[in-house]
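The next block holds one structure in the form of C-alpha cells; read it before the comments.
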Amino acid sequence: MDVAFVSRFTNDAREFLFVSADDDMSGVTVGSSDPLDESYCHYIAQGTLPEIIKDAASTPIVCDLSATRSLPVGGHLGVPLVFSNGTTFGSICCFSHEPAFDLNERNLNLVQIAAKLVAELMEQHLERQASDMQARARISRTIERGDFEVVYQPIVSLADRSLWGFEALARFPDADDVSPTRWFEEAFEAGLAIDLDLALINRAVAILPRLDEGIYLSINVNASTALSGKLTEELSGAELDKLVIELSEHDAVKDYGALNENLRKLKGNWRLAVDDVGAGYSSLRHILDVGPDIMKLDMTFVRNIDRRPSRAALVKAIVTFAKASGTLLIAEGIENYQEAEELQRLGVEFGQGYHFARPASKEQALSLQKRGL
C-alpha cells in the first residue's frame, strides 16, 4: 500500500493524526481534514462499505467520490477505531494508487489488530488528557480560593524532648482521595507546581512573627520554585533568621549552579535542609551540590530501626557523615519510644513524628511554645 494513516472523526470532518506515505500526498497530511461524508472511513464505520476494497473504481459508493480520482485510490483497506464504550473515534486505513486484487483476510486481520491497539492507546491518552485538565482546573481553583490548610508538626531534641521548631505541611480538602504527594505530582504535570508552592509558602510563613526566639519554621520548597526567582520575592519581609528551607525531592535539579545562585539572593541567616535523605538519588545529589545545614532522614530508615540492625548501621554511617560535614540531622516519621531511643543512641540529634505530636493548626502549634510537648 502506498499510503497509511490514522484519522479522527470530529463533528462532520475527518482529521488526519498520523500519516505514512511513499510520495507527496497533498490531500493526506498530518493536521489536514476533509468532509467526513466524502471519506471511505465514514462509510466503513457505518457498515455500508466493506473493509476490503480491491478496486475502488468499480466499487459502488466510492467510485464517484472525488478522492478516488484525485489521490487516486485503487485498493483500500480500512478499520474503524472503536473505544471500549462502543463509540467510534476514527479509523486506521491504507490504500494503493492502483487496484490491489491480492488483498485478503490476512491483511485485514493485521490492520484489525493494529486498530485495536491504536484505539486502546488513544482512549488511554484522551482519558489522561481529560484527567489532567480536571486536575489543572481543581488545582487552579484551590490556589485562587486558598482552599487548603497549612499545619505544623513539632521538631524536637531527642536528648531532652525540647521544642526545636515546626515543619509546615500542606493539607488539601480531598485528603481522603488524593494525598498531598499526589497533589504536587499533579501540579507538576499541570505546570502549576510553582504557583502551588508559593501559595503554601505565603500561608505558612505567616506564623514567623509569633515564633519565640530560637524556634524555627521549616518550609518545603521545590527546586523549580527556587530556580524561578519568585521565592525571593515571596519571602521578602519575612523573618528569615527563623526559617529553614527544605529542598524537596519532587523535581530534579538540572543546574545546581543556578539553584545556588538563586538561593544566595535570600538575605538573612536562614538555613537550608535537604528532605528525604536516603529515599532517592536526588537527595544525595542535593547534599553534595548544595551543602545543606540540615539533613532530614527519610522515614523508611526510621521505621522499626530498633529491630533492624541493617537500618541502624546505615543511619550510623549517615550520622558520621553529618558530624564530619557539620550538618544537623533530623529523623522523620518517629512513631514510638523505641525508635526515638535507638535514633538518639545512634547520635541523631532531632526528630519529628506521631510519637511526639501530630501536625496541628497554627494556634495549637503556638500553644506548644508555652506548655511544651
Side-chain angles (χ1 to χ4, degrees), residues 1-137 189-191:
M1 309 301 267
D2 298 301
V3 181
F5 61 84
V6 173
S7 68
R8 170 174 58 190
F9 299 166
T10 56
N11 298 323
D12 295 325
R14 173 185 63 172
E15 179 187 359
F16 296 102
L17 301 180
F18 306 97
V19 176
S20 175
D22 291 337
D23 50 17
D24 182 23
M25 295 295 299
S26 58
V28 184
T29 57
V30 173
S32 65
S33 62
D34 55 13
L36 185 59
D37 59 6
E38 293 181 15
S39 71
Y40 285 56
C41 306
H42 172 66
Y43 296 104
I44 292 173
Q46 280 189 332
T48 56
L49 196 65
E51 293 176 314
I52 296 176
I53 299 174
K54 297 183 178 183
D55 183 8
S58 62
T59 302
I61 299 177
V62 297
C63 61
D64 294 326
L65 292 180
S66 61
T68 303
R69 297 185 299 274
S70 62
L71 290 175
V73 178
H76 186 282
L77 199 159
V79 177
L81 299 174
V82 182
F83 284 169
S84 59
N85 62 2
T87 60
T88 300
F89 170 78
S91 67
I92 180 169
C93 301
C94 55
F95 65 86
S96 59
H97 296 307
E98 300 296 329
F101 295 108
D102 57 346
L103 283 177
N104 54 45
E105 289 296 320
R106 181 184 175 193
N107 304 134
L108 176 61
N109 289 340
L110 179 62
V111 178
Q112 286 173 333
I113 291 170
K116 187 173 187 294
L117 176 61
V118 171
E120 289 176 356
L121 292 173
M122 292 305 301
E123 187 169 12
Q124 290 170 12
H125 170 72
L126 292 174
E127 287 174 351
R128 284 196 303 269
Q129 194 175 60
S131 176
D132 289 347
M133 290 178 63
Q134 291 174 357
R136 182 177 178 83
E189 293 164 4

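Quantities reported herein were computed from a predicted structural model and do not represent experimental measurements. For the single chain, residues carry numbers from 1 onward in sequence order. Any value given below was found using the heavy atoms of this structure, including those in side chains, with hydrogens, waters and symmetry copies removed.
Taking all atoms of both residues into account, the shortest heavy-atom contact from Glu123 to Ser84 is OE2-OG, 2.7 Å. The two residues Ile44 and Pro80 make their nearest non-hydrogen contact at CG2-CD, 4.0 Å. For the residue pair Asn104 and Arg106, the shortest heavy atom distance occurs at OD1-N, 3.0 Å. Across Val28 and Leu71, no two heavy atoms sit closer than the pair CG2-CD2, 4.1 Å. Contact detail for Phe101 and Pro99: the closest heavy-atom pair is CE1-CB, 3.5 Å. The minimum heavy-atom distance linking Ala21 with Val3 is given by the pair CB-CG2, 4.1 Å.
Taking Asn107 as the reference, nothing meets the side-chain hydrogen bond (donor to acceptor under 3.5 Å, both in side chains) condition, with sequence neighbours excluded. In this view, Glu38 satisfies the salt bridge (charged side-chain N to carboxylate O under 4.0 Å, His left out) rule with no residue, not counting sequence neighbours.
Atom CD of Glu51 sits about 8.5 Å away from atom CD of Glu105, to the nearest 0.5 Å. Atom CG of Asp37 is separated from atom CD of Gln46 by 9.0 Å, given to the nearest 0.5 angstrom. Here the straight-line distance linking atom SG of Cys94 with atom CG of Asp2 works out to 10.0 Å at 0.5 Å rounding. Once rounded to the nearest 0.5 Å, the distance linking CD of Gln112 with CG of Leu77 reads 8.5 Å. Between atom OG1 of residue Thr68 and atom CZ of residue Phe95 there is a gap of 10.0 Å, rounded to the nearest 0.5 Å. Atoms CZ and CG, on Arg8 and Leu36 in that order, are 13.0 Å from each other to the nearest 0.5 Å.
A heavy-atom distance below 4.5 Å is not found between the side chains of Leu81 and Phe9. Contact annotation: the side chain of Cys93 approaches that of Cys41 to within less than 4.5 Å [non-hydrogen atoms, C-beta and beyond]. With a 4.5 Å cut-off on side-chain heavy atoms, Thr59 and Leu49 count as touching. Residues Ile92 and Phe5 are not in side-chain contact: their nearest non-hydrogen atoms beyond the backbone lie 4.5 Å or more apart. Proximity of Val82 to Thr87: side-chain heavy atoms (C-beta onward) are nowhere separated by under 4.5 Å. For the pair Leu103 and Met1, the minimum side-chain heavy-atom distance is below 4.5 Å. Taking 4.5 Å as the limit, every side-chain heavy atom of Phe83 sits out of range of all side-chain heavy atoms of Thr88. Using a 4.5 Å heavy-atom cutoff, the side chains of Met122 and Leu17 are in contact.
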Practice task
Would you sort out whether Asp34 and Phe16 count as a side-chain contact (heavy atoms from CB on, under 4.5 Å), showing the intermediate values?
Solution key: CA-CA 9 Å; Asp34 55 13; Phe16 296 102; 4.1 Å; yes
Handout entry: Step-by-step side-chain contact (heavy atoms from CB on, under 4.5 Å) determination, Phe18 to Val118
Key = CA-CA 11 Å; Phe18 306 97; Val118 171; over 6 Å; no
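Remark: Glu98 CD is loosely packed, at most 12 non-hydrogen atoms of other residues, nucleotides or ligands lying under 6.0 Å away.
Ser7 and Glu15 are not linked by any side-chain donor-acceptor pair at a separation below 3.5 angstrom, with hydrogens and angles left out of the test. Side chains of Tyr40 and Ser91: a donor-acceptor N/O pair is absent below 3.5 angstrom, by distance only.
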